[in-house]
Novice: 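Got a structure here, written out as structure tokens. Questions coming.
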2 protein chains.
Amino acid sequence: MEFVERRSGISLWRQIADQIRIAISNGEFKETNMLPGELALAKRFEVNRHTVRSAIASLAREGVVQVEQGRGTFIARHTRLQYPIGRRTRFSAGLAGQTRTLSGTVRESRIEEAPVNVADALALDAGAPVLRLVRVSMADGVPLSRAISWFDAARFPDFAERLEKQRSITAVLKSFGVDDYVRISTRISAHHADPQTLEDLRLSPGAIVLRTEAINAEVDGRRVEYSNTYFAADRIELDIDHGTASAGM
Amino acid sequence: MEFVERRSGISLWRQIADQIRIAISNGEFKETNMLPGELALAKRFEVNRHTVRSAIASLAREGVVQVEQGRGTFIARHTRLQYPIGRRTRFSAGLAGQTRTLSGTVRESRIEEAPVNVADALALDAGAPVLRLVRVSMADGVPLSRAISWFDAARFPDFAERLEKQRSITAVLKSFGVDDYVRISTRISAHHADPQTLEDLRLSPGAIVLRTEAINAEVDGRRVEYSNTYFAADRIELDIDHGTASAGM
DNA sequence: TATGATTTGTACGTATGTATC
DNA sequence: AGATACATACGTACAAATCAT
């Protein structure tokens with residue numbers, strides 16, 4: 001007996017779909033790997049069976065469940081990828097072993113004048129030329145994240161060109177003589193996805209993104225990268241690395 | 001000219017409200033501290049003025065904006081609280097200085113048999129008696145978070161009674177001889193709020209919560225607390241502390 | 001003080017989507 | 001599948017409040 005709210009601007013089938021999604025990710029049905037019957041769900045949410053059917057149909061469209069006539073509704077996937085965040089955060093290495101394939105494509109790349117927040121983060125003067133890079137990552141054919149990064153264009157002149165030939169940001173930075181860099185700041189928040197992110201991550205309206213706002217710097221403190229990354233929240237969770245028990249020794 | 005999707009299970013006014021919320025938190029209107037007029041917004045989202053009015057009405061109910069006839073619609077709050085997360089995460093201390101008042105109330109408190117995930121986190125045997133505590137925190141009269149914590153009931157027998165007299169978890173633990181404890185693990189994810197959390201945090205359906213799943217332990221490694229905390233995502237962001245630049249020395 | 005321009009508030013009618021029975 | 005009720009969305013018109021001139 002759970003609650004759905006009418007006149008909330010969100011249709012009942014949508015609220016029920018969201019709650020079933022939550023229940024799945026909480027592992028509620030992992031013993032049988034299938035949902036209860038439509039009548040049982042209708043009773044649980046106190047709605048008509050047809051409303052539950054609409055909810056399940058939308059989950060099936062998303063690929064969260066698979067419906068088989070006469071047998072039941074089966075859960076397709078129920079675990080999130082784990083993305084480790086620490087002083088030594090590296091995108092590909094962090095997800096290694098959790099996916100079969102992992103790729104990244106550059107969506108936009110242009111030089112612009114640094115807005116104040118970017119200039120602050122990179123310790124540049126506002127208006128200084130910076131490279132703005134938008135990349136979308138895919139794991140096993142499904143979009144995972146949309147990242148907007150900024151780099152000092154004066155220090156890394158042909159960054160974009162080099163990225164076409166190299167595999168990763170880390171490799172390109174190395175070619176510029178940046179042998180090592182560490183995460184010095186990460187802020188995490190959650191939002192409804194904006195329209196552009198919805199499209200790039202193939203999400204439907206109302207979907208959630210986890211946003212990380214991060215600064216990477218060399219060990220001497222020189223700022224290297226400022227990034228805003230939007231992760232599809234139902235596909236990933238962030239695992240914070242607090243360092244060793246002996247306080248970083 | 002932005003996009004709203006029809007027949008998506010989320011009403012247009014709701015999608016528009018969400019997008020305006022995003023725009024506000026991106027600082028889009030911070031020069032004037034007010035929204036564009038209803039007609040301008042209707043043009044931007046390509047909907048009727050009444051649809052925009054519904055969106056604004058819901059934002060006004062939430063306290064995000066204030067409407068004044070003949071003058072315009074003003075933004076009430078546009079910054080999120082910053083909650084620092086590091087090895088030494090403490091709830092009250094972390095938000096000190098950002099709010100006028102900060103309080104926490106216990107919603108539930110009972111002994112139960114540890115489910116497997118709780119037993120794992122506290123390094124107990126499954127089924128061992130644990131204290132399950134649900135607390136809701138409020139900042140300046142607005143709910144911030146709902147936290148479910150588990151403690152070893154054998155080691156901390158009258159924890160709940162002591163908490164009624166003490167101010168904080170830290171104080172109660174101290175009374176049990178736990179002089180210090182550190183965060184050894186934090187996992188962060190984002191979800192649609194479940195019905196109970198919606199109610200406790202006074203959110204409307206479709207609202208987002210940031211979830212932190214955390215383990216606190218003494219410096220010798222003995223587990224002290226396992227917690228799942230749900231933060232109202234539009235009221236807070238998490239600020240990860242990566243330790244000192246010299247790698248913890 | 002008066003007037004017009006701009007902004008939000010209210011009212012009516014119609015069409016379509018959602019949910020129940 | 002058909003009937004009913006209510007929510008959502010659009011269109012139009014006008015009222016009320018605010019502000020600049």
Side-chain angles (χ1 to χ4, degrees), chain A residues 1-21 35-62 67 69 73 192 195 198 204-207, chain B residues 1-21 23-24 28-77 192 195 198 203-207:
Chain A
M1 208 181 307
E2 278 169 80
F3 294 112
V4 284
E5 197 174 311
R6 289 148 209 262
R7 281 181 304 280
S8 63
I10 302 195
S11 55
L12 297 185
W13 66 260
R14 182 74 198 224
Q15 293 182 55
I16 291 165
D18 288 341
Q19 289 195 35
I20 292 176
R21 219 199 316 273
L35 296 188
E38 292 175 354
L39 282 172
L41 289 172
K43 190 163 200 177
R44 168 166 167 176
F45 294 109
E46 300 180 293
V47 296
N48 192 274
R49 173 171 163 255
H50 296 302
T51 309
V52 168
R53 283 179 60 75
S54 299
I56 292 175
S58 96
L59 292 173
R61 275 196 303 275
E62 288 177 43
V67 183
Q69 190 176 119
T73 303
H192 289 103
L198 281 181
S204 49
Chain B
M1 208 179 310
E2 277 171 77
F3 294 111
V4 284
E5 196 173 311
R6 287 151 209 263
R7 281 180 303 280
S8 61
I10 303 193
S11 58
L12 298 183
W13 67 260
R14 184 69 201 231
Q15 294 182 53
I16 290 165
D18 289 341
Q19 289 197 34
I20 292 175
R21 218 196 319 271
I24 290 173
E28 187 171 332
F29 312 115
K30 69 180 169 204
E31 301 82 10
T32 59
N33 204 41
M34 62 188 293
L35 296 187
E38 293 172 352
L39 283 171
L41 288 172
K43 191 162 199 176
R44 168 166 166 176
F45 293 110
E46 300 180 295
V47 297
N48 191 273
R49 174 175 162 242
H50 295 300
T51 309
V52 168
R53 282 178 59 73
S54 298
I56 291 174
S58 97
L59 292 174
R61 275 195 302 275
E62 288 176 40
V64 177
V65 298
Q66 259 184 314
V67 185
E68 291 182 41
Q69 185 175 148
R71 303 224 304 137
T73 303
F74 299 85
I75 293 160
R77 60 179 151 81
H192 289 106
L198 281 181
L203 297 168
S204 48

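So that the names make sense, note that chain A is the first sequence line, chain B the second, and so on, each numbered from 1.
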Novice: Starting the side chain at C-beta, find the nucleotide from D:dA17, C:dA19, D:dT8 nearest to A:Thr51.
Specialist: C:dA19

Novice: Using a 4.5 Å cut-off on heavy atoms from C-beta on, say whether the side chain of B:Val65 contacts that of B:Ile24.
Specialist: yes

Novice: Hey, are the side chains of B:Gln19 and B:Val4 touching, using non-hydrogen atoms and a 4.5 Å cut-off?
Specialist: yes

Novice: Expressed in angstrom and rounded to an integer, what is the separation of B:Glu38 atom CD from C:dA5 atom P?
Specialist: 20 Å

Novice: Could you check how far CZ of B:Phe74 sits from P of C:dT8, rounded to whole Å?
Specialist: 9 Å

Novice: Nearest-Å distance, CG (B:Asn48) to C1' (C:dT16)?
Specialist: 15 Å

Novice: Determine whether B:Ile56 and B:Arg53 make a side-chain contact, defined as any pair of heavy atoms from C-beta on separated by less than 4.5 Å.
Specialist: no

Novice: Would you say that B:Ile20 contacts B:Leu41 through its side chain, given a criterion of any heavy-atom pair below 4.5 Å between the two side chains?
Specialist: yes

Novice: How long is the line joining CZ of B:Arg49 and P of C:dT10, in whole Å?
Specialist: 11 Å

Novice: A:Leu12 has an atom CG; how far is it from atom P of C:dC21, in whole Å?
Specialist: 12 Å

Novice: Need the pair for C:dT1. Rule: Watson-Crick or G-U wobble, both distances under 3.5 Å, any strand; none if unpaired.
Specialist: none

Novice: How many Å lie between CD1 on B:Ile10 and P on D:dA7, as a whole number?
Specialist: 19 Å

Novice: B:Arg53 has a side chain; which of D:dA16, D:dC10, C:dT10 sits nearest to it?
Specialist: C:dT10

Novice: May I ask you to say what B:Ser54 touches in the nucleic acid, namely base, sugar-phosphate or nothing, with a heavy-atom cut-off under 4.0 Å?
Specialist: nothing

Novice: Using atom CD of B:Gln66 as one end and atom C1' of D:dA17 as the other, report the distance to the nearest whole Å.
Specialist: 16 Å

Novice: Any idea which of D:dC10, D:dT18, C:dT8 is nearest the B:Arg71 side chain?
Specialist: D:dT18

Novice: Measure the distance from CZ on B:Arg14 to P on D:dA7 and round it to the nearest whole Å.
Specialist: 16 Å

Novice: Kindly give the heavy-atom pair with the smallest separation between B:Gly72 and B:Met34, and that separation in Å.
Specialist: CA-CE, 3.9 Å

Novice: Please figure out whether B:Met34 or B:His50 has its closest DNA chain C nucleotide nearer the 5' end.
Specialist: B:Met34

Novice: Are B:Thr73 and C:dT8 close enough that a side-chain N or O sits under 4.0 Å from OP1 or OP2?
Specialist: yes

